[in-house]
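The first residue of the sequence shown is numbered 1, and numbering continues consecutively from there.
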Amino acid sequence: PGLDIDAELASLDRIARHPDLHAPGVDAQVLAHHLFSGDRFLGNTAAYDDPRNSYLNDVLDRHLGIPISLTVVMMEIGRRVGVPIVGVGMPGHFLARDARDPEAYFDPFTGPDRIDERGCRDRFRASAGARSERSRRIARNKCTRTVDSLSPVIALTSLDVWPSKWLSMKISRCRSG
């Protein structure tokens, strides 16, 4: 309640207006470096379970998030600057991929570096091997919070990337476990 969606969308627009993102040759690597190097957007390793990591408005304000929220930031800024990014869901983790290069993956939670297929497999093994019933419940709660927080923004932006059928499926999966 009281969330100014237009202001949050304007915040994304403001980030996307940075001159570095409009130079010749801007690609997913340049985008990732701009967003996730230095003290720009960071994975919140100190307080991963903080609910604010899941709310896009808080992520934009604090520059801290979890894998899915940071990937959404990358997708939205990429869309605004002509660098299409898609999300890649994994058990216990979420990655970004350059929509034009199926070999170019990024883990916004850990920084701007491009990772290859082996890096994706390593992240999968690390997250799948560490999952317990408790971690599955925590992940389900985070997923539900994230989907709930993103639903109004997605509905208002009328993104082709996020059709309502996909969103409904994700909500059902989150809530059913």
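How far CZ of R62 is from CG of N53: 5.5 Å, rounded to the nearest 0.5 Å. For the atom pair CZ (R40) and NE2 (H33), the distance works out to 7.0 Å, reported to the nearest 0.5 Å. In this structure, CZ on R17 lies 12.0 Å from CG on L21, to the nearest 0.5 angstrom. Rounding to the nearest 0.5 Å places CD of E103 at 7.5 Å from CZ of R114. Taking CZ of R97 as the reference point, atom CD1 of I115 lies at 12.0 Å (rounded to 0.5 Å). With values rounded to the nearest 0.5 angstrom, E8 atom CD is found 8.5 Å from D58 atom CG.
For the pair H18 and I77, the minimum side-chain heavy-atom distance is 4.5 Å or more. Using a 4.5 Å cut-off on side-chain heavy atoms (C-beta onward), D61 and N57 make no contact.
A donor-acceptor pair under 3.5 Å is absent between the side-chain atoms of N44 and the main chain of I66, judged by distance alone. Proximity of a side-chain donor or acceptor of S37 to a complementary backbone N or O of H34 within less than 3.5 Å is not detected. The backbone N or O of G65 sits nowhere less than 3.5 Å from a side-chain atom of S69 that would complete a donor-acceptor pair. Formation of a donor-acceptor pair under 3.5 Å by the H93 side chain with backbone atoms of C120 is not found in this model.
Nearest heavy-atom pair, M74 versus A32, reported as atom, atom and distance to 0.1 Å: CE-CB, 3.7 Å. In plain terms, the two heavy atoms of F36 and P112 that are nearest each other are O-CD, 3.4 Å. Of all non-hydrogen atoms in M75 and I85, the two that sit nearest each other are CG-O, 3.6 Å. Counting all heavy atoms, side chain and backbone alike, D98 lies closest to A28 at OD2-CB, 3.4 Å.
Cluster annotation: I68 and L35 are assigned to the same hydrophobic cluster (Ile/Leu/Val/Met/Phe/Trp/Tyr, side-chain heavy-atom contacts under 4.5 Å, transitive). Hydrophobic clustering (side-chain heavy atoms under 4.5 Å, transitive across Ile, Leu, Val, Met, Phe, Trp, Tyr) keeps V73 apart from L64. No continuous path of ILVMFWY side-chain contacts below 4.5 Å connects L60 to Y55, so the two sit in separate hydrophobic clusters.
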So T71 and L95, side chain to side chain contact (heavy atoms under 4.5 Å, CB included) or not? Walk me through it.
-> CA-CA 7 Å; T71 298; L95 301 173; 5.8 Å; no
Which is it for D50 and R52 under the salt bridge (Lys or Arg N to Asp or Glu O under 4.0 Å) test, yes or no, and what are the steps along the way?
-> CA-CA 5 Å; D50 186 334; R52 296 175 296 174; 2.6 Å; yes
Could you walk me through whether D27 and L31 pass side chain to side chain contact (heavy atoms under 4.5 Å, CB included), step by step?
-> CA-CA 6 Å; D27 59 9; L31 175 64; over 6 Å; no
Do V88 and Y105 pass the side chain to side chain contact (heavy atoms under 4.5 Å, CB included) test, and can you show the C-alpha distance, the side-chain angles, and the key distance before you say yes or no?
-> CA-CA 9 Å; V88 179; Y105 293 90; 4.1 Å; yes
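Here the two rings, on F41 and F109, have centers that are 6.0 Å apart or farther.
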